[in-house]
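The structure presented is a predicted model; accordingly, all values stated were derived computationally and were not measured. All ligand and atom numbering here is 1-based and tracks the order in the structure.
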Amino acid sequence: MGFQCVLARLTYLLAGWIFISVCEFSEAGLTGSYVRDSGPTPDMPLDSDVFQVPPGYNAPQQVHITQGDHEGRGVIISWITPDESGSNSVFYWAANTQIKKAAYGIVVRYKYYNYTSGYIHHCTIKNLYFDTKYHYEVGSGNVTRQFWFVTPPQPGPDVPYTFGLIGDLGQTHNSNRTLTHYELNPVKGQTLLFVGDLSYADNYPFHDNTRWDTWGRFIERNAAYQPWIWTVGNHEIDFVPTIGETKPFKPYKHRFFVPYRESESTSPLWYSIKRASAYIIVISSYSAFGKYTPQYRWITEELPKVNRTETPWLIVLMHCPMYSSYVHHYMEGETMRVIYEPWFVEYKVDVVFAGHVHAYERSERISNIAYNVVNGLCTPITDDSAPVYITIGDGGNQEGLVTEMTEPQPKYSAYREASYGHGIFDIKNRTHAHFGWHRNQDGFAVEADSLWLVNRYWKSSVSTL
Ligand SMILES: [Fe+2]
């Protein structure tokens, strides 16, 4: 064998080794190298500009909207009047017309320990045109306020649509940064998917509900103009028998209405909506979910209903992640995972978004559904039918980040980093969507982590399209 031949063989072997090394490296999960201050951070002071009460007697405040039906032609408009009930009407009109229509809502109030809420209005408007900008007006007399929203396109397989993702937001300066970054992201979220833990009012003595009001005023600048799709977290439970508060989710259920009956749910804590090309299933980590419970029964009847030819993208929202490699809250989602994960694989859920863990993490497509007590098969394995699990509990609340991670990083964990931020899930067509995670320290357009997702239902058709 000549010298040149030996050299060629060595070069070939070296190239092969480098190639294998790169593959192995790319298969291993990444952990962001940033070390952030993980300590608690105070909420913004009560006199912060973001909490400003709108001027005028009994002026509507805390205006927010969410989807009001199953298809996307409905909107629920909610607001609070502090002094008296006032008008319960919403006037609305399409942007290209001057003809105002009126819709009438309901008013609810609640007491929580020594706190009495304002007058909480909820008004559902239905049968709107798809893909249309509407203006709306709430209030009465000289004190009215106007906002606008855009209805989604009619559900269809190739309708592009962009969702934002925020979780565990709270009301600190970090929370404000997260919301600002979401608003200024050049990829414009059209609807926000919120994965639970809203105001963190329950961290105050007696769960001081005035911090629910400040939070409502804080998010209004975005939530009055685009729907926020609500998921409950543990900070919404507000169950404190020692002060006589024995009805779980009392403030949340009064303040945030969702169209749960439209998906034949019996509770606002779990429900579904269609929006453009996505089918979104919201479930509650803190409601009974075992066999025979209402939530179990609902989701087992719900998943077979999803028509992936109409809405190819099947998204599940929950608060407590099923896969998380952070030390804090480790394995809290395990009981729900054991019961629900086989369905997520069977029905080819595309992505599961969760919060709770105050950091970011993205999984590989893996499942862990083989275990049956005696077979010992309890290691997550690569599974092409499994969803990607994304934890986005990094909105920026007063409890701070969680920075302690299990080591070594498990193989199923593709990327993890303890930084505040938000996500963008950008659906392009029936086969492709792009997910980007934006940390608050970067410019608005920078994706600190990203992934092209190929739709689980339509993936076999990708090569032929
Ligand atoms: Fe939580």
Side-chain angles (χ1 to χ4, degrees), residues 36 38-43 164-172 174-175 178-179 192-204 207-209 211-212 215-216 218-219 228-240 245 248-253 255-256 258 267-270 282-289 295 316-337 340 352-363 389-406 416-423 437:
R36 310 288 185 198
S38 61
T41 46
D43 280 347
L165 273 307
I166 290 180
D168 304 70
L169 183 59
Q171 44 193 305
T172 69
N174 290 316
S175 322
T178 300
L179 187 55
L192 186 84
L193 307 179
F194 194 95
V195 290
D197 281 2
L198 285 61
S199 73
Y200 288 76
D202 63 338
N203 280 351
Y204 285 83
H207 294 210
D208 183 359
N209 275 218
R211 279 293 179 171
W212 271 112
W215 196 78
F218 161 50
I219 64 158
W228 285 35
I229 306 303
W230 301 110
T231 312
V232 285
N234 51 303
H235 285 278
E236 281 68 71
I237 299 174
D238 285 315
F239 175 72
V240 192
E245 293 301 338
F249 304 107
K250 189 204 274 184
Y252 175 81
K253 281 183 173 177
R255 289 169 181 272
F256 302 96
V258 297
S267 167
L269 306 182
W270 57 88
V282 178
I283 55 179
S284 169
S285 304
Y286 305 101
S287 304
F289 54 78
Q295 183 168 214
V316 173
L317 308 181
M318 63 178 69
H319 184 62
C320 185
M322 291 182 175
Y323 284 97
S324 169
S325 69
Y326 288 84
V327 171
H328 204 58
H329 299 311
Y330 188 60
M331 289 185 76
E332 281 183 22
E334 191 65 3
T335 43
M336 183 177 261
R337 185 192 66 74
Y340 285 30
V352 177
F353 291 107
H356 199 42
V357 176
H358 298 166
Y360 170 75
E361 186 165 22
R362 172 175 60 82
S363 80
Y389 295 88
I390 293 177
T391 302
I392 188 111
D394 55 347
N397 62 73
Q398 57 176 221
E399 294 174 352
L401 290 166
V402 294
T403 55
E404 200 179 346
M405 306 173 190
T406 58
R416 59 184 186 177
E417 183 178 318
S419 298
Y420 296 117
H422 73 275
W437 175 60

Using side chain to side chain donor-acceptor pair (under 3.5 Å) as the criterion, point out the one residue from T403, N397, D394 that pairs with H358. N397

Could I get the full list of ring pair (Phe, Tyr, Trp, His ring centres under 6.0 Å) partners for H329, not counting sequence neighbours? H356

Hey, mind stepping through Y360 and R416 against side-chain contact (heavy atoms from CB on, under 4.5 Å) and telling me if it holds? CA-CA 6 Å; Y360 170 75; R416 59 184 186 177; over 6 Å; no

For R36, enumerate each residue passing the salt bridge (Lys or Arg N to Asp or Glu O under 4.0 Å) test, keeping only those at least two apart in sequence or located in another chain. E417

Shortest non-hydrogen contact from G170 toward W215: O-NE1, 2.9 Å

Not counting sequence neighbours, which residues clear side-chain hydrogen bond (donor to acceptor under 3.5 Å, both in side chains) with S287? List them please. S284

Around the Fe ion (ligand 1), how many protein N, O or S atoms are closer than 2.8 Å? 4

